[in-house]
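Note that the numbering runs from 1 along the sequence shown for the chain. Read the numbers this way: they start at 1 and go in the same order the structure lists the ligands and their atoms.
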Amino acid sequence: MSFSDATTFVPASTAGVADSFESPVSFKLLYFPIHSNGATSREILSYGQAQWTNLIPKDWDREKTRTPFHVLPVLYIATSLGKELILSEAGVIEQYLSKQWGLLGDNEYEEHLIKVFHSSSASLQNSHASSAVWVAPETRAAGVAAFREGALRTWMESHEKHLMANGNMVTTWAISLADIKTANVIDHLGLQPGGQQLIHLIMRSPALRKVHATVAQSPRIAAWRASQEYLLLSKGTRAFFADPTGMTIKSRV
Ligand SMILES: N[C@@H](CCC(=O)N[C@@H](CS)C(=O)NCC(=O)O)C(=O)O
């Protein structure tokens with residue numbers, strides 16, 4: 001399945017599409033054949049039992065200029081009025097999709113608190129990428145150690161503190177975007193070379209362990225994770241991060 005040209009994607013006027021943006025009919029999520037920055041959107045689409053297609057680039061070098069910022073993910077939204085609207089940027093896509101299925105809490109303040117936790121967990125993944133992934137192979141082990149003792153410990157301690165203060169150790173809004181993102185980042189770290197050591201450390205935190213388990217037990221997310229499509233993405237993620245600087249994502253498609 002192909003995707004539309006989004007070289008420029010912002011309509012001159014949003015007045016005519018605002019309503020239909022709020023009543024999407026189906027979605028296409030374009031991302032590489034790995035979990036990483038596509039994981040949370042795919043899980044939200046599965047949670048929402050959306051009609052959605054998991055699109056993978058066929059020839060990224062040629063296709064990238066047809067995306068808004070020449071990076072993925074990109075979400076294509078088919079609306080009830082027969083229009084196609086396009087969103088870019090992982091965090092924005094995840095927040096838009098979360099709104100469709102009540103994953104942003106019950107009021108404006110809850111919504112912003114959920115976005116705070118979502119942003120903090122997304123930052124942890126970015127911090128891992130800059131210190132332990134996109135580095136020279138000979139400095140990777142030192143980068144992983146610095147990440148584990150620095151950003152990861154700080155994130156764990158602060159999230160544990162907030163989650164414990166919530167009483168039930170999970171965000172009080174049942175399952176939320178924040179929970180899904182946190183669980184996805186934990187799983188992302190686990191798929192890295194030597195990631196089991198990071199998982200071992202994270203699982204020593206009862207609150208984070210509970211968030212991770214709560215998301216895994218959500219029936220529709222569990223069904224997506226049991227699918228062949230998901231298992232292939234896990235395989236692709238492991239293979240890609242085994243040698244991220246040695247081969248481009250494109251050549252693994
Ligand atoms: N600011 C963007 C960054 C997206 C990004 O860096 N995507 C990477 C994959 S995770 C990408 O498309 N890389 C391919 C390339 O640069 O050619 C977002 O948050 O979505």
Side-chain angles (χ1 to χ4, degrees), residues 2-10 27-45 52-77 85-99 103-104 114-136 140 143 147 151 155 177-178 180-193 195 229-230 232-253:
S2 64
F3 56 91
S4 315
D5 194 319
T7 309
T8 58
F9 73 118
V10 183
F27 306 87
K28 290 187 266 184
L29 183 80
L30 180 64
Y31 191 64
F32 300 104
I34 58 176
H35 291 307
S36 196
N37 281 344
T40 301
S41 289
R42 289 175 181 138
E43 295 217 326
I44 297 168
L45 287 162
W52 71 285
T53 308
N54 188 35
L55 275 186
I56 306 286
K58 289 195 178 70
D59 183 351
W60 176 237
D61 274 350
R62 291 164 72 98
E63 291 165 341
K64 70 196 302 181
T65 54
R66 292 170 55 206
T67 66
F69 300 121
H70 307 182
V71 287
L72 298 178
V74 175
L75 182 71
Y76 303 84
I77 307 159
L85 301 175
I86 296 171
L87 282 183
S88 190
E89 295 295 296
V92 174
I93 294 171
E94 289 161 10
Q95 291 178 15
Y96 165 75
L97 291 174
S98 292
K99 198 150 216 167
L103 292 166
L104 288 179
I114 288 168
K115 288 177 179 172
V116 166
F117 284 93
H118 170 255
S119 174
S120 171
S121 293
S123 295
L124 182 73
Q125 187 169 317
N126 289 338
S127 164
H128 177 265
S130 56
S131 52
V133 177
W134 302 112
V135 295
R140 195 161 289 140
F147 168 76
W155 176 83
L177 167 65
I180 296 175
K181 188 66 177 184
T182 294
N184 291 162
V185 172
I186 293 172
D187 288 336
H188 175 78
L189 295 175
L191 289 169
Q192 306 299 311
E229 206 170 3
Y230 180 93
L232 275 174
L233 292 168
S234 299
K235 200 171 157 203
T237 308
R238 266 201 199 88
F240 177 72
F241 286 101
D243 182 18
T245 47
M247 236 185 261
T248 63
I249 292 181
K250 180 201 65 142
S251 62
R252 292 186 183 274
V253 173

Considering only heavy atoms, does Val71 approach ligand 1 within less than 4.0 Å through its side chain, its backbone, both, or neither?
both
Out of Pro68, Gly38, Ala90, whose heavy atom is nearest to atom 20 (O) of ligand 1?
Ala90
Is the closest side-chain heavy-atom distance between Gln192 and Val133 below 4.5 Å?
yes
Sub-3.5 Å N/O-N/O distance, Tyr31 and ligand 1
no
With no hydrogens and no angle check, do the side chains of His35 and Ser234 hold a donor and an acceptor under 3.5 Å apart?
yes
Could you check if a side-chain atom of Pro244 sits within less than 4.5 angstrom of a side-chain atom of Arg140, using non-hydrogen atoms only?
yes
Need the ligand 1 atom indices (1-based, order shown) with element for anything under 4.0 Å from a heavy-atom of Asn37.
10 (S)
Could you check whether any heavy atom of Pro73 sits closer than 4.0 Å to an atom of ligand 1, since that is the contact criterion I want to use?
yes
Tell me if a side-chain donor or acceptor on His118 pairs with a main-chain N or O of Leu177 at a distance below 3.5 Å.
no
If we only consider heavy atoms of Trp60, is any one of them less than 4.0 Å away from an atom in ligand 1?
yes
Can a cation-pi geometry be assigned to Arg66 and Phe3, taking NZ or CZ under 6.0 Å from the six-membered ring centre and within 45° of the ring axis?
yes
Any nitrogen or oxygen of Glu89, main chain or side chain, under 3.5 Å from a nitrogen or oxygen of ligand 1?
yes
Have a look at Ile93, Leu72, Val74, Val92 and point out the one with the heavy atom closest to atom 12 (O) of ligand 1.
Leu72
Can a salt bridge be assigned to the pair Lys181 and Glu94 using a cut-off of 4.0 Å between side-chain N and carboxylate O?
yes
I want to know if ligand 1 touches Gly91 in the polar sense, i.e. an N/O pair below 3.5 angstrom.
no
Val71 versus Lys64: any side-chain heavy-atom pair under 4.5 Å?
no
Taking distance alone, with N or O pairs closer than 3.5 Å, would you say Phe32 contacts ligand 1?
no
